[in-house]
Asks: 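Quick one: the structure is below, and I'll ask about it shortly.
Here the structure is a predicted model, which means the values were calculated and not measured. Residue numbering restarts at 1 for every chain, and letters A, B, ... go by the order of the sequence lines.
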Amino acid sequence: MSLEIIGITVLWLFLYGYLIVASIDFGAGFFAYYARVSKKEHIMSKLISRYLSPVWEVTNVFFVFFFVGLVGFFPDTAYYYGTALLLPGSVAIILIAIRGSFYAFGNYGSKDSTLYLFLYGATGLLIPASLSTALTISEGGYLREDETGVTFLAGELFTSPYSWSVVFLAIVSVLYISASFLTYYADRAEDYDSRAIMRKFALFWGAPTIIASLMVFAGLRSHNGEHFERALDLWWMFGLSLVFFLIAGYLIFKKKNYGTAFLMVMLQFFFAFFGYGASHLPYILYPFITVEGSVVNETMGIALVTVFILGLCLLIPSLYLLMRLFLFDADYVKGKK
Amino acid sequence: MLELDGVMLSRLLTASTLIFHVIFATIGVGIPVMIAIAEFIGLKKNDPHYLLLARRWARGFTITVAVGVVTGTAIGLQLSLLWPSFMQVAGQVIALPLFMETFAFFFEAIFLGIYLYTWDRFKNRWLHWLLNIPIVIGASLSAFFITTVNAFMNTPQGFDIIDGETVNISPLAAMFNPATPTKVFHVITSSYMTSALILAAITAFIILAKKGTDYHKKALRLTMTAALIFSAGTALAGDLSAKFLAKEQPEKLAAAEWHFETESNADLIIFGTIDENNEISNEIRIPGMLSFLAGNSFDTEVIGLDEFPEEERPPLWVHYMFDMMVGIGMYSLFIAGLFVMFMFIKRFNEWNKLLLMGIVASGPLAMLAIEFGWIYAEVGRQPWILRGIMTVDEAATTSGSVGIAFGLFLALYAVLGFFCVKVLLRMFKNRPPEAELEKRFPGGSL
């Protein structure tokens, strides 16, 4: 495998990791706020905060890891995206900053503040929407390059149906992934009231993810036909994604094996996400940056890959410990520890 | 005077992010060490006071960590957003430590999450203490990696530029550039020192307000002893840094010292004023001292600013930043030394009101010194972003929206700063340690 393919695969894996853990986190914020306003707080909030408290910072690091790695492996992305994304990027950072801080303020400081919880819940939906614009921009058509540099065509982005279909997909996916995870977590905690609520959400948000995906495909076809053709070549990955979706939906509907069901949801997104990513290649940013053309020099590339492998040797056992203590420790989950 | 073009706005936005972030970064590097020490003593002496100390410090720490994480994310992204051309070049050579920093932080974040939620979960309390190790290592390694990047901006090496192409790249040589050892040493010791002094200042404040108990006295003794060790380390690191500058980056030292002509037996100038002809007045002058600081001998020749073309000289106001940083450093060493001396000599009372007031001042002052030091470090490198290779003007974004972003971020930092203080005050107000002590350790037993 060539260096650039290793690099982009690693980064894509981390982005996938972020997609899953951040979706759980973002959606949980929304559900926590929903629980407060619908007076079901006593049921759900405990469950949500038990899971989130120890892991929220880890979520953030997945994201930092992705963009630092992207600039490391493909330095040209810094130039194009950096110039283009100043405003949308800044908005996303500010939302992430508000979310992270107010989570901590609310959770460790004053638990009863509805304002903190509102900020936490609202940003959970706005962040995926704003981050997803980076993926939209990568399809081309929203940047212009001339002698003065790179210009971001904000007007084009805001009026593009493709762009809105991606935003829609991002938001419904967040709610769907989060609901299916929290159903499983509630099941483990033997918190049957919360499980019933979360299960309804999981079932409710399932179909929209598929509809939104189809809309994205339709949008892609007219926006970037080349990419759409390459995606069709990888039809089997999207097919598998659909199969896993159906299994997950079936299990949740039948009220059994919630753990497996969540695993199926993860696989559903894994195949869709990698199908999308693989068909996106060779472009990182159409038509300006390709993986071959922008990859960092070989020395640095090898150094980064080496560090990455060493880093994983350190992180995987640590993450395992974290999950064992908080995710898979039945007593902890049930609130006995 | 100040022209608000894109470059200036990019600099201002970066500066405001760093000035805000460095408060939390400094605390983030130093406080874990203090928590680890307190928990260690608590377990060793079977003393619930120290355990509670670790626990309460850790609780406040969660708030500052959160702000540190999010502002760290902000500066990480702003590097690419505001300085795209710099990151395009730097990415080729110095991406490695940036990448490793995320790993170090990842590692720290995982164990911090575990640490905060497992106080009473292990039968053997030492197991919980062990969790401090990855946190301290992760925090200090983060500081190390990021500082190597900043060092690289001052003394870039590990690559050649031939026909506009970066070639012959050596990531390790870039990381371990000449500025790295002294800079890392200085950043880490000063973070430890500042964190110890901030905790000491809070404790001294409570004792002064007559709410102090044994718990607070133990806390103050511990933090001030640590502060003495760390401020001595900081002084040594500062001295080594000056010697490094004299050798490798003389224009930065010369600007800080208002030293214009290369000479041996150069005078050290403290404060003072300067006019447009570079005439200095109102200063305190110590003959030969600059030469001594630069090379341990009055005969050391110190390179002056006159050897650098006008447009490559850093602005002269960094002199004040430098002097205030050093002045506060000296003060910290003095006050910590005084307290520790009073602690050991029975005749003296270390709970003297004046001394306690001096300690209360030392916390915020130390944080100011960190700010002054970083302003000196960054402005003293001007006009370069990569010394000798790329200027800040060449590196800045061409985007027209920096002004809006600057406004948004200023508002963000104001909001975060306000709520951070508010939440911290609320967290500890009306929750005296005695009540918590009785709750967690009934009858004073572990």
Asks: So do Val68(A) and Phe103(B) actually touch side chain to side chain, heavy atoms under 4.5 Å?
Replies: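 Contact flag for Phe103(B)/Val68(A) side chains = no.
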Asks: Counting heavy-atom pairs closer than 4.5 Å to chain A, which one of Met87(B), Lys422(B), Gln78(B) comes out on top?
Replies: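 Most heavy-atom pairs under 4.5 Å with chain A: Met87(B).
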Asks: I'd like to know which of Val91(A), Leu86(A), Val296(A), Thr299(A) tops the heavy-atom pair count under 4.5 Å against chain B.
Replies: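 Highest number of pairs under 4.5 Å: Leu86(A).
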Asks: Using a 4.5 angstrom heavy-atom cutoff, name the option from Gly69(A), Gly89(A), Ala97(A), Gly72(A) with the most pairs to chain B.
Replies: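 Of Gly69(A), Gly89(A), Ala97(A), Gly72(A), Ala97(A) has the most heavy-atom pairs under 4.5 Å with chain B.
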Asks: Within a 6.0 Å radius of atom OH on Tyr16(A), are there more than 12 heavy atoms belonging to other residues, nucleotides or ligands?
Replies: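 Atom OH in Tyr16(A) is packed in, count exceeds 12.
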Asks: Nearest heavy-atom pair of Met300(A) and Val93(B): which atoms, and what distance?
Replies: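 Closest approach of Met300(A) to Val93(B): CE-O, 2.9 Å.
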Asks: Within the side chain of Asn297(A), is there an N or O that forms a donor-acceptor pair under 3.5 Å with the backbone of Gln92(B)?
Replies: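 A pair under 3.5 Å: yes.
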Asks: Find the distance between CG (Leu77(B)) and OH (Tyr81(A)) and round it off to the nearest 0.5 Å.
Replies: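 So the CG of Leu77(B) and the OH of Tyr81(A) are separated by 13.0 Å.
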Asks: Does some side-chain heavy atom of Phe102(A) sit less than 4.5 Å from a side-chain heavy atom of Val423(B)?
Replies: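 A side-chain contact under 4.5 Å is absent here.
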Asks: Check each atom of Leu319(A) against the heavy atoms of chain B and say whether the ones under 4.5 Å are side chain, backbone, both or neither.
Replies: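 Both parts, backbone and side chain.
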Asks: Select one option (side chain, backbone, both, neither) describing which atoms of Ile94(B) are under 4.5 Å from chain A's heavy atoms.
Replies: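 For Ile94(B), the backbone is the part near chain A, not the side chain.
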Asks: Do you know which two heavy atoms are closest between Ile110(B) and Leu322(A), and how far apart they sit?
Replies: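 Where Ile110(B) meets Leu322(A) most closely, the heavy atoms are O-CD1, 3.8 Å.
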Asks: Roughly how far, to the nearest 0.5 Å, is CD of Gln88(B) from CZ of Phe74(A)?
Replies: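 Going from the CZ atom of Phe74(A) to the CD atom of Gln88(B) covers 14.0 Å.
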Asks: In terms of heavy-atom proximity below 4.5 Å to chain B, should Phe63(A) be classed as side chain, backbone, both, or neither?
Replies: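 When you check distances to chain B, only side chain atoms of Phe63(A) fall under 4.5 Å.
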Asks: Answer yes or no: are there more than 12 heavy-atom neighbours, outside Phe158(A) itself, under 6.0 Å from its atom CZ?
Replies: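 No, not enclosed.
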Asks: Would a 4.5 Å heavy-atom cut-off, applied to side chains only, mark Ser80(B) and Tyr79(A) as touching?
Replies: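 The answer is no; the side chains never approach within 4.5 Å.
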Asks: To the nearest 0.5 angstrom, please state how far the CZ atom of Phe152(A) sits from the OG atom of Ser401(B).
Replies: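 Going from the CZ atom of Phe152(A) to the OG atom of Ser401(B) covers 9.0 Å.
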Asks: Between Thr166(B) and chain A, which part of the residue has a heavy atom less than 4.5 Å away: side chain, backbone, both or neither?
Replies: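 Nothing of Thr166(B), per the 4.5 Å heavy-atom cut-off to chain A.
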Asks: Starting at CD of Glu108(B), measure out to OG of Ser318(A) and round the result to the nearest 0.5 Å.
Replies: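 Those atoms lie 12.5 Å apart.
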Asks: Most heavy-atom pairs under 4.5 angstrom with chain A, which of Thr397(B), Leu412(B), Leu96(B)?
Replies: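 When all of Thr397(B), Leu412(B), Leu96(B) are compared, Leu96(B) has the most.
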Asks: Do you know which of Ile98(A), Val64(A), Leu310(A) has the most heavy-atom pairs with chain B at a distance under 4.5 angstrom?
Replies: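 Ranked by heavy-atom pairs under 4.5 Å with chain B, first place is Val64(A).
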Asks: Please state whether the rings of Phe65(A) and Phe99(B) are parallel, tilted or perpendicular, taking 30° and 60° as the class boundaries.
Replies: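 Judged by the thresholds at 30° and 60°, the geometry between Phe65(A) and Phe99(B) is tilted.
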Asks: Might you point out which heavy atoms bring Ala303(A) and Pro171(B) nearest each other, and give the distance in Å?
Replies: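 Closest pair (atom of Ala303(A), atom of Pro171(B), distance): CB-CG, 4.1 Å.
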Asks: Please classify the contact of Phe67(A) with chain B as side chain, backbone, both or neither, using a heavy-atom distance under 4.5 Å.
Replies: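 The side chain, not the backbone.
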Asks: Test side-chain contact (heavy atoms from CB on, under 4.5 Å) on Thr62(B) and Phe105(A) and set out the steps.
Replies: CA-CA 9 Å; Thr62(B) 53; Phe105(A) 295 166; over 6 Å; no
Asks: For side-chain contact (heavy atoms from CB on, under 4.5 Å), just list the numbers for Ile93(A) and Leu81(B), CA-CA rounded to whole Å, side-chain angles, deciding distance to a tenth of an Å, and then say yes or no.
Replies: CA-CA 11 Å; Ile93(A) 303 171; Leu81(B) 295 175; 4.0 Å; yes
Asks: Relative to chain B, which segment of Leu304(A) carries a heavy atom at a distance below 4.5 Å: side chain, backbone, both, or neither?
Replies: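 Answer is both: backbone and side chain atoms of Leu304(A) are under 4.5 Å from chain B.
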Asks: Can you tell me how far CZ of Phe106(B) sits from CZ of Phe14(A), rounded to the nearest 0.5 angstrom?
Replies: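 Phe14(A) CZ to Phe106(B) CZ: 5.5 Å, rounded to 0.5 Å.
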Asks: At a heavy-atom separation under 4.5 Å, does Phe409(B) approach chain A through its side chain, its backbone, both, or neither?
Replies: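 It is both, since atoms from each part get that close.
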Asks: Nearest 0.5 Å, please: how far is CG in Leu314(A) from CZ in Phe107(B)?
Replies: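 CG of Leu314(A) is found 4.0 Å from CZ of Phe107(B).
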Asks: If I compare all heavy atoms of Ala66(B) with all of Ser101(A), which pair ends up nearest, and what's the gap?
Replies: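 It is CB-CA, 4.4 Å.
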